[in-house]
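First up is the structure itself, then whatever we jot down about it.
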Amino acid sequence: MNYLDELNPPQREAVLHKDGPIMIIAGAGSGKTKVLTTRITHLMAAHKVDSFNILALTFTNKAAAEMKERVEKTLGNTEARNLYIGTFHSVFARILRSEAPKLGYPSSFTIYDTDDAKSVVKTVIQELNLDDKHYKPNIVYNRISAAKNALVGPAEYISDWALQQEDTRANRPAIGQVYDAYAKRCFKNGAMDFDDLLFKMYILLKNFPEALSKYQRKFKYILIDEYQDTNPAQYEIIKLLGAMHENVCVVGDDAQSIYSFRGATIENILQFQKDYEEVKLVKLEQNYRSTKNILHVANVVIANNKAQIEKRLFTSNDEGEKINLVRTMTDNDEGKMVADTIQEQKLRNHYFNKDFAILYRTNAQSRSFEEALRRMGIAYRIYGGMSFYQRKEVKDFIAYLRLVVNPKDEEALKRIINFPARGIGKTTMDKAILYSNEHDCSVWDIVAQAAKYGFRSGTLESLNGFTTMIKMFRSELDKKNAYDLAVIVGKSTGIVKELFNDKTTEGLARYENLQELLNSIKEFTETPMNEEDGEVGDKGLGTYLQQITLLTDADDDKDQNPDVVKLMTIHAAKGLEFPVVFVGGLEETLFPNAMSINTREELEEERRLFYVAITRAKQRLFLSFSNARYRFGQLQQNDPSRFLEEIPEKYLDRSYAGGAMKNTGNHTPAFERMNRGFHNSQGRSSAESEAEKYYGAPPGKTSTPSYIISKTFNKTVEHVPSEGFTASDISNLRAGQKVEHQKFGYGEVTKMEGAAHNPIATVKFDLNGEKKIMLNYAKLRIIE
DNA sequence: GATTATATGGTTTTT
DNA sequence: CCATATAATC
């Protein structure tokens, strides 16, 4: 049992506690994954607990796979494959699949992702004749989602006075009705959305005592990771499942609770202690991940939150470097600074690409980083954003597969009934949907018997052609594995061929995406699975579809180049660690986000998010913010994030000038001057930008480089700098001289103005008109 | 019914 | 800026 030797005292205490509820408060980087895996190992090795009787719920499927692997390695056998381990959603989906008939669902039920669900909400709103100005699918869907996560069903929602009041005040009194219609529609479609996987699981356990007792007996030991991010639905399910043995082990960190928008509540941590008689409490406070500097900063920042469980994180790691704080002029400069710094750090400190992560608050921020990295030829991978499975061509193809598995899936049917074009348009579909509502049957039932419902001539022929094809696929469903069937679908529908014939660049990319999809299906078909999976349609399409819908961003980095810089939101970075971390966009309205500064609770969650970002770093941390950035296609000025002010100056290094940027030009590099601090000096001060928000920039005063402004008002004619372009010494520049600008091309100086320390030249460019150029920032080459 | 032009409006964060 | 929704036109 030498695996116990690697643990510190509290960790060992958590592992050795066998029966009864236990809560582990685990600070960032305190080895909670290690504790969880060792605990599972110990239960199996020392206490002879059968692997079939252990349920472990993690935040990503990847984390689940890693845990499985580690247990397997320590035990030296393959017992670990019998563990029930995965995300809440995927584990429950698997259970619901075998229990679906109890709830009136087909075992082949479809899982709707957010897009599908919103689309259903939208149809329902339209069918109820509600004004979509007030009933925005997004808002309504979120409301329904929140209800489900709180275990509030449609009937209860409608009869709840407080909810009614709230909706009425928001001018949306009929949300309850929409919820009801939406739930019925999903049921009719044989589909569950993400929240249903929890909600229906709860219903199953609550309403079917034999099912409850079956799973209570099965799961003698339950372990839950990232407990701070569980919602009430998850809480109640665990309470039910664990009620028989009460061997529930939860691990969490209240300081890292960042999913309240998904219904998660720290209350669950407090409630846990109330719900069980005697809860063993263990705190893991030694951090093994970060340098002292990084950890101190994290501690200082999080101390500004009022609501927290007391703990003090410490580390015996080295002091480490100070935290670099970098200011840039634009989001593009920020991207460039980060890319340059990565290049520099690789050379100077012998890092690999894979040692770097760039974290940000919103997915939209990835663009500037991506462009800069690509320009520098640095390999990278973006997690999240528009994922592979959300691309149109992929979704279309998958819609076929979904329809084959579950013909009642109206969303899938609507998506592909006329793709590729076969002359079945909107009017026909509207009619079919109308009939389906009248006859209370699925849309598929209508189109499959088109003649009976009065469709004629061309339309009838098209419909029959379509349904015959789908029926043919269905007849193969039980005979062929997922891949073989997918190939047939690709061929018979003509989708693959159509994309193959499209020789445009995008067409080619789409074709490749389809090939990649087919490859992934093939891989799925060829990978052996858990022994227990035999019970649910093994290698069929159904299992495949379930799996991909529940894939997390973190999950699918198969066969990719492993040495890449990773870009992701802070949310997606939870649970991960990197030697060097960049956190970008530390600006007011972005981080903390403007949507989340209205209550103390929201602001504290933003701060926890910042805390999570900081604590991802092992050795080096770079924080950056930008004076201005593009948002909605418009340049927006922002003040530095209030969180930056919470970091004591002694931990900060503001002198960092941004990698190779230091050596461009022969005047003081722009970055250096920008980084002298945001309270004074040449950079835009807080007060200055504050004033400009209200009054606008004074005429003649351009405190941002002119090229930013030009982008806002008119498109720049791109100029490729002449060979060997080097910025000239511009201290003696005067009107009449001919110059070359890196971006605007050739032009003539018409006027000089501005103070000595901040000279501004007006240049009339041949192709881009007259611009005011701040010489401190712009690079000009004097021609004559 | 399909293809193309124009308008609109949307950005937190995710299973 | 970008993606999707609606209108206009064939």
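Proteins get letters first, then strands, A, B, ... in listed order; numbering begins at 1 in each.
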C:dT4 and B:dT13, which share atom name P, separated by this distance in whole Å
16 Å
Length of the CD-P vector between A:Glu601 and B:dT13, whole Å:
22 Å
Return the set of residues passing salt bridge (charged side-chain N to carboxylate O under 4.0 Å, His left out) with A:Arg262 (not counting sequence neighbours), or none when no residue passes.
none
Heavy atoms only, 4.0 Å cut-off, all strands: where does A:Asn418 land among base, sugar-phosphate and nothing?
sugar-phosphate
Tell me: CD of A:Glu371 to C1' of C:dC2, nearest whole Å?
14 Å
A:Leu198 atom CG is separated from B:dT14 atom P, nearest whole Å, by 17 Å
Cationic tip of A:Arg381 within the cone over A:Tyr383's six-membered ring, i.e. under 6.0 Å and within 45° of the normal?
yes
5' priority, DNA chain B, between A:Thr549 and A:Gly423 [closest heavy atom]
A:Gly423
Results of ring pair (Phe, Tyr, Trp, His ring centres under 6.0 Å) for A:Phe219 - residues two or more places apart only:
A:Tyr84
Side chains of A:Arg97 and A:Thr543: donor-acceptor distance under 3.5 Å anywhere?
no
Whichever of A:Thr428 and A:Thr569 has its nearest DNA chain B nucleotide further upstream toward 5'
A:Thr428
Between B:dT13 (P) and A:Asn598 (CG): distance, integer Å:
17 Å
Check the distance between B:dT15's P and A:Arg262's CZ and give it to me in whole angstrom.
6 Å
Taking C-beta and beyond as the side chain, do A:Leu545 and A:Arg402 meet within less than 4.5 Å on heavy atoms?
yes
Does A:Phe397 have A:Lys392 sitting over its ring (NZ/CZ under 6.0 Å from centre, angle to axis within 45°)?
no
Using the 3.5 Å cut-off, write out each protein N or O paired with an N or O of nucleotides 6-12 of chain B and the distance between them.
| residue | atom | partner | partner atom | Å |
| --- | --- | --- | --- | --- |
| B:dT11 | OP1 | A:Asn138 | ND2 | 3.3 |
| B:dT12 | O2 | A:Arg361 | NH1 | 2.6 |
| B:dT12 | O2 | A:Arg361 | NH2 | 2.2 |
| B:dT12 | N3 | A:Ser596 | OG | 3.3 |

Take the protein atom CD1 of A:Ile382 and the nucleotide atom P of B:dT14, then report the distance between them rounded to whole Å.
13 Å
Is there a side-chain contact between A:Asn231 and the phosphate of B:dT15, meaning an N or O under 4.0 Å from OP1 or OP2?
no
Salt bridge check: are A:Glu371 and A:Arg374 linked by an N-O gap of less than 4.0 Å?
no
Using a heavy-atom cut-off of under 4.0 Å over every strand shown, decide if A:Lys122 touches base, sugar-phosphate, or nothing.
sugar-phosphate
Between C1' of B:dT14 and CE of A:Met568, the distance in whole Å:
14 Å
Measure the distance from CZ on A:Arg391 to P on C:dA3 and round it to the nearest whole Å.
12 Å
For a quick check of understanding: with a heavy-atom distance under 4.0 Å over all strands, which category does A:Phe591 fall into, base, sugar-phosphate or nothing?
nothing
